[in-house]
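As structure tokens, the structure follows; a few thoughts come after it.
In what follows, every heavy atom counts, from backbone to side chain, and hydrogens, waters and symmetry copies are set aside. Letters A, B, ... mirror the listed sequences (proteins, then strands); counts begin at 1.
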Protein chains: 2
Amino acid sequence: MRPGTPEQEWREDCAPRRVMELFTTKWTSMILHTLHARHDGAARHGVLHRSLPGISKKMLTQTLREMEESGLVSRHVEQVVPPAVEYRLTPLGERFVEPVELLYAWGRDNADALDALTPRATSRRG
Amino acid sequence: MRPGTPEQEWREDCAPRRVMELFTTKWTSMILHTLHARHDGAARHGVLHRSLPGISKKMLTQTLREMEESGLVSRHVEQVVPPAVEYRLTPLGERFVEPVELLYAWGRDNADALDALTPRATSRRG
DNA sequence: CCGTATCCCTTACGATACTG
DNA sequence: CAGTATCGTAAGGGATACGG
């Protein structure tokens with residue numbers, strides 16, 4: 001940026017800021033990736049639960065509900081006993097998994113940089 | 001992922017998960033980008049404050065302190081009156097601005113997808 | 001200008017127990 | 001299996017006033 005550039009970045013409703021804020025929810029991005037990583041783009045509740053060590057059933061359900069409201073995933077209930085519920089990325093979800101995968105790949109390829117970080121930077125919650 | 005793939009992703013200390021969790025702090029990524037976007041890679045407190053509409057002085061200072069502890073930024077005090085304090089990306093900060101820029105660019109280029117999202121997805125906090 | 005110091009409230013999140 | 005229902009805590013974060 002040149003010296004004279006106006007300081008008006010990060011308007012509260014600008015697109016980049018909204019993307020960043022998507023990640024302020026702890027589990028959303030990890031759920032998106034997990035669904036994306038599966039061969040059929042879908043996963044049942046239990047599979048997601050086992051894929052995300054540390055998540056409680058409460059948070060998993062709650063986050064999935066929010067993602068459904070947001071249009072990122074769809075929910076399909078199989079009427080059998082015991083019940084089987086499947087979650088699947090929507091087309092919108094497929095769009096949003098793109099930036100998630102960018103971050104995922106960066107993390108995978110830069111573990112050393114992460115190790116150099118003071119612990120507190122990545123352990124605020126959890 | 002093939003059907004037989006083990007479900008063991010997202011270990012609690014794996015690199016990708018730690019990257020994701022970096023973004024769970026509201027302002028860190030925006031500060032990183034703002035510093036990166038400036039021609040000299042540095043900015044004073046007041047500049048950052050004006051660049052981030054909505055942030056309080058308290059949160060700005062607090063976040064900068066945490067980033068300093070984490071080794072992402074360095075802090076330089078000019079002993080003048082009124083005081084002038086400058087923040088600058090460290091080499092480690094330069095590394096971490098990479099994924100931030102990836103997200104920033106994605107947001108800039110996909111504003112339409114963001115508009116398609118239900119509002120609540122990006123307005124949990126703030 | 002660059003902070004600190006309080007005060008206060010909301011929420012995110014986890015633990016646990018219970019249900020069809 | 002896939003949820004609800006409660007309860008509880010800690011952290012995030014804003015508002016405001018004051019200080020060097």
Side-chain angles (χ1 to χ4, degrees), chain A residues 7 10 12 17 20-31 34-35 42-70 73-88 119-126, chain B residues 7 10 12 17 20-31 34 42-70 73-88 120-126:
Chain A
E7 296 171 0
W10 296 119
E12 296 187 296
R17 178 155 168 177
M20 305 296 186
E21 291 181 351
L22 253 185
F23 288 82
T24 58
T25 299
K26 183 171 180 177
W27 301 104
T28 305
S29 54
M30 289 188 266
I31 292 175
T34 304
L35 291 175
R44 290 176 57 176
H45 182 102
V47 169
L48 291 171
H49 195 228
R50 282 187 296 279
S51 298
L52 274 43
I55 196 172
S56 63
K57 284 193 295 185
K58 172 190 166 183
M59 282 314 297
L60 178 54
T61 299
Q62 179 180 312
T63 308
L64 284 168
R65 289 285 190 282
E66 292 171 359
M67 293 172 70
E68 195 187 359
E69 278 184 61
S70 301
V73 302
S74 56
R75 181 171 177 268
H76 307 276
V77 182
E78 280 276 320
Q79 288 292 2
V80 294
V81 278
V85 181
E86 194 179 71
Y87 294 92
R88 183 177 297 276
R120 84 185 308 286
T122 54
S123 62
R124 321 285 277 297
R125 315 184 217 207
Chain B
E7 297 170 358
W10 296 122
E12 296 187 296
R17 178 156 168 177
M20 305 295 185
E21 291 180 350
L22 253 184
F23 288 84
T24 59
T25 299
K26 184 170 180 177
W27 301 104
T28 305
S29 54
M30 289 189 267
I31 292 175
T34 303
R44 292 177 54 177
H45 181 102
V47 169
L48 292 171
H49 195 228
R50 283 186 295 278
S51 298
L52 274 42
I55 197 173
S56 63
K57 284 193 297 186
K58 171 190 168 184
M59 283 312 300
L60 178 53
T61 299
Q62 181 179 310
T63 307
L64 285 167
R65 288 287 188 282
E66 292 171 0
M67 294 172 69
E68 194 186 1
E69 278 185 61
S70 302
V73 301
S74 57
R75 180 169 176 270
H76 308 276
V77 183
E78 281 277 319
Q79 290 291 4
V80 294
V81 279
V85 181
E86 194 179 70
Y87 295 92
R88 183 176 298 275
R120 87 184 304 287
T122 52
S123 61
R124 320 283 276 296
R125 313 182 218 212

In whole angstroms, how far is the [atom2] atom of [N] from the [atom1] atom of [X]?
{"X": "B/M59", "N": "C/dT4", "atom1": "CE", "atom2": "C1'", "value": "15 Å"}
{"X": "B/K57", "N": "D/dG13", "atom1": "NZ", "atom2": "P", "value": "19 Å"}
{"X": "B/M30", "N": "D/dG12", "atom1": "CE", "atom2": "C1'", "value": "14 Å"}
{"X": "A/R50", "N": "D/dC1", "atom1": "CZ", "atom2": "P", "value": "7 Å"}
{"X": "A/I55", "N": "C/dC13", "atom1": "CD1", "atom2": "C1'", "value": "10 Å"}
{"X": "B/E21", "N": "C/dA12", "atom1": "CD", "atom2": "C1'", "value": "13 Å"}
{"X": "A/L48", "N": "D/dC1", "atom1": "CG", "atom2": "P", "value": "13 Å"}
{"X": "A/E86", "N": "D/dC1", "atom1": "CD", "atom2": "P", "value": "15 Å"}

Contact under 4.0 Å: [X] side-chain N or O vs [N] OP1/OP2:
{"X": "A/Y87", "N": "D/dG3", "answer": "yes"}
{"X": "B/R75", "N": "C/dG3", "answer": "yes"}
{"X": "B/R65", "N": "C/dT4", "answer": "yes"}
{"X": "B/R44", "N": "C/dG3", "answer": "no"}
{"X": "B/K58", "N": "C/dC2", "answer": "no"}

Quiz item: Which of these nucleotides, D/dC1, C/dG3, D/dG3, is closest to any side-chain atom of A/T61?
Solution: D/dG3
Exercise. Could you tell me whether the side chain of B/R17 and the main chain of B/W10 form a donor-acceptor pair under 3.5 Å?
Key: yes
Quiz item: So which heavy atom on A/Y87 is nearest to which on A/R75, and how close?
Solution: OH-NE, 3.3 Å
Quiz item: Closest heavy-atom contact between B/E12 and A/G54?
Solution: OE2-CA, 3.6 Å
Quiz prompt | Of A/H45 and B/P83, the one whose closest DNA chain D nucleotide lies more 5' | solution = A/H45
Practice problem: Drop me the distance from A/I55's CD1 to A/W27's CH2, to the nearest 0.5 angstrom. | Solution: 5.0 Å
Quiz item: What is the distance from atom CG of B/L48 to atom CE of B/M30, rounded to the nearest 0.5 Å?
Solution: 12.0 Å
Quiz prompt | Earlier contact from the 5' end, DNA chain C, for A/T63 and A/P82 | solution = A/T63
